[in-house]
Structure formats: structure tokens, C-alpha cells
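Structure first, commentary second.
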Amino acid sequence: MFSCEETSVTASNLPDDCLFIVFDKLESSSDREVFGLTCRRWLHVQNSARNSLQLGCLYRPNVTQEYVRYLPRLLMRFQQLRSISLAGCTELPDSALTWLQLSGSKLQSLSLDCCFGITDNGLALVSSGCPTLVSISLYRCNITDAGLAILGKSCLGLEYVNLSYCAFVSDHGVRALSTGCLKLHLLIISYCKSIEGTGLRGCPSSLTYLEADSCLLNREGLLAAVSGGGLEYLNVSSLRCWSGGDGLDGIGSGFASRLRFLNLRLCRFVGDESVEAIAKGCPLLEEWNLAVCHEVRVRGWQAIGSNCQNLRILHVNRCQNLCDAGLQALQNGCKMLMVLYFHGCRQVTSLGLELFKQARWVVKIRREECVCVGPRLDRFYMQDWHPFLPPTS
């Protein structure tokens, strides 16, 4: 006779792979927090399973100082981090990022929003310690073109970059990123007063999302921005110091044929010539914001109605030269139009508005908005501008 010894399997005998699965299946946050209190091995599993770290200091200097003190310990404890957010650590010094050189090799996302103490030296530490970085946000940071040049040479896999409100960044820094990071997908340069757009000349075709709200883009810079040919989302609202007349017809020159979202809000100089060129050159447009574009007249609205057959959302708030004839042109065309933002168009008469509503099957009217149902128009908003949504895959 053969006897077999009974073996008991306990949690302490489980291999690490099984413990990782157990930890991953925990749905309660409290259970995940106390998991590591069992023993050192379970604590190691808990630490290794953590892939993101977000320090919410709420812009309080005394809290920032505590984070500077404990950040090295946190980075040494959690060595499998893929994402770190230090947003709001206003007094975080460059030296606090030194530990990224030891534990940042797997880091893919880093947020340094409003870290006013971070300079080009800190960005150099990030570049050398995080070679696999995919996303970085530098909102309101005091970095310059020199730091971006280092970043563009070291982090070649960067896809998402936020430089909004970076006052010391110019086209030279943007050029370093666009030529070095050939996978660049999203770039935000809003309110960067030293950027004219020329640094985007020859940008990679992977660049599909460009946010340049309230920038100093000129005609040459705008042509450079669309030169990559891959843009699907473009926001150039509130262009400042534009001196090229109408001049936005370059968007419809053929390089932006894949464009699906276009925001020209508060570009008061935009006229019929540019609108007609864009309507013909960007046939895939789904959402177009022309709010406060006073120079668009009947010819421009007719071009939109005739050519924008994929247009689903249109903003015409406070367009002073939108009249009954222009509204009728939109009514007769734009067969896919589902949402129209309409407010403050004084040349549109009550009769013209009612005819449009009836033609597009508007059946319910409220104080702030007119909700429309039917095969054509889905919503008709009597209110001001609605923020754009980023393109979806």
C-alpha cells in the first residue's frame, strides 16, 4: 500500500504571481490598503502592484515641503510606477527629481503642472531618468527652449505634451520637440505668447491634436502647424495680433484634409474666402466653431452648406453677419447637422428662425434652448459657446 501525505496549501505558500492576482481582484480600496499589513512579502506585492502616484498638495507651500522630504522614500518604495502627478507642488525644487534617475526607467506619464520651482535642470533630470516617457504636462512651468531641446533628444517616445502658459518657450523649443519626437500625437501650446507656429514646420504626421488657443500664430505659422498632414483637431481660437487680413484659407490648402474638429472662435477677421477654402479643403469636418466671426457673410454660409456634408455640430453665436439667407443656406445643406449653437445673431429675423426650425423639425422650445428631434437636427441651442471635445478614435 502506498500512503500519500496530505499537504496543506496556505496563503503564505502561494507564489508571488498568485498573490498579484489576488491583489488585483480586490475591489475595495480599504482591502487594497491593508493588504500589505499581513507580512513583508505581501507588502512587497502591494508596492510592486502600484503603478500610479498622485500627490494632491492643493497648492499649499507647507504641504509641498513635506512632499519634497518624503518623495525619495515614495519613489524607492514604489518602483513599478507608470504615472506620477506632482501637480500643484509650487515650491518643488529641481533636486526633488533626482530620484527619478534611479526609479523612473518605467515611468510613462509625468505631471508637473504649476511646479514653479522646476527649471531646465529639473527637465534634464527627467530626460535622463525617464527614457520611456510618453506623456508630460508642464503647465505654467518656468522652463525654456533649452529644456525642451534636452527633452526632445532623450524622450523620443513622447506622444502627449502640454506647454500651456509656459511664458519662456518659443518656436525653437517647439521645433526641438516636433523634430525629435516623431510619435508626437498631442501638443498644447495655448497662451504661449512667444510661439508664432513656425517651429511646427515639418512636424510629424502623427500630430493629430493641436491646441493653440490665444497664441500669436501668423499666417506662416498656421501653414506650418498643418504641414504634417495628420491634424484631426485644431484649436486656434482668439488668435492675437493677426496682421494677414483674412488669411486662414491655408487650413484648406490640402494639408488639413483629415481635420474633423476646428475652433476659430473669436477670430473676428475670418471672412468668406477662408471659410470657403476650409469648407472645400476639409470635407471630414464634424464640428466647427465660428462664434464671433463677424466677417462671415452669405457666401461663407453657402460654402458650408454646400461642402460640409459630414458636419454634425456648428457654433454661430454672435455672428453679426449671419442673416436669414445664410441660415437658409445651412438649412438646405449640412444634411448631417445635429447640433447648432445659436445666440445673439441680430440679423436673423424671427420669421427666418421659425422657418429654419420648421424645416429641421424643431418641435420643443424651452427658455434657454430649443431641443430638436427628427432625422436632421438633434439639438438647437440658444446659448453661448460650448467647449470642444477632443477627437475620439
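Values below: all heavy atoms of this structure, side chains included; hydrogens, waters and symmetry mates excluded.
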Ignoring hydrogens and geometry beyond distance, is a side-chain donor-acceptor pair present between Asn310 and Glu286 at under 3.5 Å? no
Do Ser111 side-chain atoms and Ser85 backbone N/O form a donor-acceptor pair below 3.5 Å? no
Spatial distance of atom OH (Tyr209) from atom CZ (Phe261) [nearest 0.5 Å]: 10.0 Å
Test your reading of the model: is there a side-chain donor-acceptor pair from Asp272 to the backbone of Arg297, 3.5 Å cut-off? yes
What's the separation between atom CD1 in Ile278 and atom CG in Leu259, rounded to the nearest 0.5 Å? 8.5 Å
Got a sec: does the CZ of Arg346 have more than 12 other heavy atoms crowding it under 6.0 Å? no
Given the options Leu86, Leu110, Asn121, Leu97 meets side-chain contact (heavy atoms from CB on, under 4.5 Å) only with Leu86
With the side chain counted from C-beta on, respond yes when Leu322 and Trp301 share a heavy-atom pair under 4.5 Å apart, and no when they do not. yes
Heavy-atom pair of closest approach, residues Gly202 and Ser227: N-OG, 3.2 Å
Would you check if Leu239 and Leu248 make a side-chain contact, meaning some heavy-atom pair closer than 4.5 Å? yes
Side chains of Glu287 and Arg260, heavy atoms from C-beta outward: is any pair under 4.5 Å? no
Indicate yes or no for a side-chain donor-acceptor contact from Asn317 to the backbone of Ala291 under 3.5 Å, with no hydrogens or angles considered. no
Separation between CZ of Arg140 and CZ of Phe116, rounded to the nearest 0.5 Å: 6.5 Å
Determine whether the side chains of Asn321 and Glu295 contain a donor N or O and an acceptor N or O closer than 3.5 Å. no
Is it the case that the side chains of Thr208 and His185 hold a donor-acceptor pair, with the cut-off being a distance below 3.5 Å and no angle test? yes
Please determine whether residues Leu81 and Leu92 belong to a single hydrophobic cluster, defined as Ile, Leu, Val, Met, Phe, Trp and Tyr linked transitively by side-chain heavy-atom distances below 4.5 Å. yes
What closest approach, in Å, do Leu290 and Cys319 show between heavy atoms, and which atom pair accounts for it? O-SG, 3.0 Å
I need the minimum non-hydrogen distance between Ser127 and Cys155, along with the two atoms involved. CA-SG, 4.0 Å
Could you grab the distance from atom OG of Ser237 to atom CG of Asn263, nearest 0.5 Å is fine? 4.5 Å
State, yes or no, whether a side-chain contact exists between Val126 and Leu133 at a heavy-atom distance under 4.5 Å. yes
Please examine the side chains of Ser83 and Leu53, heavy atoms only from C-beta on, and report whether any two atoms are closer than 4.5 Å. no
Leu123 and Ile150: side chain to side chain contact (heavy atoms under 4.5 Å, CB included), yes or no, with the steps? CA-CA 8 Å; Leu123 210 53; Ile150 298 174; over 6 Å; no
Distance from Arg318 atom CZ to Arg268 atom CZ, nearest 0.5 Å? 8.0 Å
Kindly list each side-chain donor-acceptor pair under 3.5 angstrom involving residues 250-258, sequence neighbours excluded, with atom names and distances?
residue : atom : partner : partner atom : Å
Ser253  : OG   : Gly250  : O            : 2.6
Arg258  : NH2  : Glu232  : OE2          : 3.4

Any donor-acceptor pair under 3.5 Å linking the side-chain atoms of Ser137 with those of Asn162? yes
Indicate, with yes or no, if Leu284 and Val339 share a hydrophobic cluster defined by side-chain heavy-atom contacts under 4.5 Å among Ile, Leu, Val, Met, Phe, Trp and Tyr. no
So which atom in Ala225 and which in Leu210 form the shortest heavy-atom distance, rounded to 0.1 Å? CB-CD2, 3.7 Å
Any donor-acceptor pair under 3.5 Å from Ser194 side chain to Ser170 backbone: no
How about Leu264 and Trp288: do any of their side-chain heavy atoms sit closer than 4.5 Å? yes
For Tyr139 and Leu112, run side chain to side chain contact (heavy atoms under 4.5 Å, CB included): C-alpha distance rounded to whole Å, both residues' side-chain angles, the deciding distance at 0.1 Å, then the answer. CA-CA 7 Å; Tyr139 171 79; Leu112 297 173; over 6 Å; no
Identify the two heavy atoms, one from Ile313 and one from Leu337, that lie closest to each other, and give their separation to 0.1 Å. N-CD1, 4.1 Å
Output, in order, the C-alpha distance, side-chain angles, deciding distance and verdict of side chain to side chain contact (heavy atoms under 4.5 Å, CB included) for Leu262 and Tyr233. CA-CA 6 Å; Leu262 177 60; Tyr233 178 103; over 6 Å; no
Please lay out, stage by stage, how Gln101 and Ser128 fare under the test side chain to side chain donor-acceptor pair (under 3.5 Å). CA-CA 7 Å; Gln101 295 186 307; Ser128 60; 2.8 Å; yes
Is it the case that one hydrophobic cluster holds both Leu330 and Val292, taking links as side-chain heavy atoms less than 4.5 Å apart, direct or via other members? no
pair Ile118-Asp94: side-chain heavy atoms closer than 4.5 Å: yes
For the CG atom of Leu184 and the OG atom of Ser205, what is their distance to the nearest 0.5 Å? 11.0 Å
Minimum side-chain heavy-atom gap Leu314-Tyr341 below 4.5 Å: no
Polar side chain donor-acceptor pair, Ser190 to Glu211, under 3.5 angstrom: no
For Leu327 and Gly352, which heavy atoms make the closest approach, and how far apart are they? CD2-O, 3.9 Å
Co-membership, hydrophobic cluster, residues Tyr160 and Ile188, 4.5 Å side-chain: yes
For Val134 and Leu158, run side chain to side chain contact (heavy atoms under 4.5 Å, CB included): C-alpha distance rounded to whole Å, both residues' side-chain angles, the deciding distance at 0.1 Å, then the answer. CA-CA 4 Å; Val134 174; Leu158 271 177; 5.7 Å; no
Greater than 12 external heavy atoms within 6.0 Å of His294's NE2: yes
Look at the side-chain heavy atoms of Ile, Leu, Val, Met, Phe, Trp and Tyr, link any pair under 4.5 Å apart, and say whether Val236 and Phe269 land in one connected group. yes
Is Glu276 salt-bridged to Arg299, going by a charged N under 4.0 Å from an acidic O? yes
Main-chain N/O of Gly333 paired to Ser306 side chain as donor or acceptor, under 3.5 Å: no
For the side chain of Asp171 and the backbone of Leu200, is there at least one donor-acceptor N/O pair under 3.5 Å apart? no
Residues Arg219 and Asp249 bridged, charged N to O under 4.0 Å: yes
Within the distance-only criterion (no hydrogens, no angle test), does the side chain of Ser274 pair as donor or acceptor with the backbone N or O of Gly271 below 3.5 angstrom? no
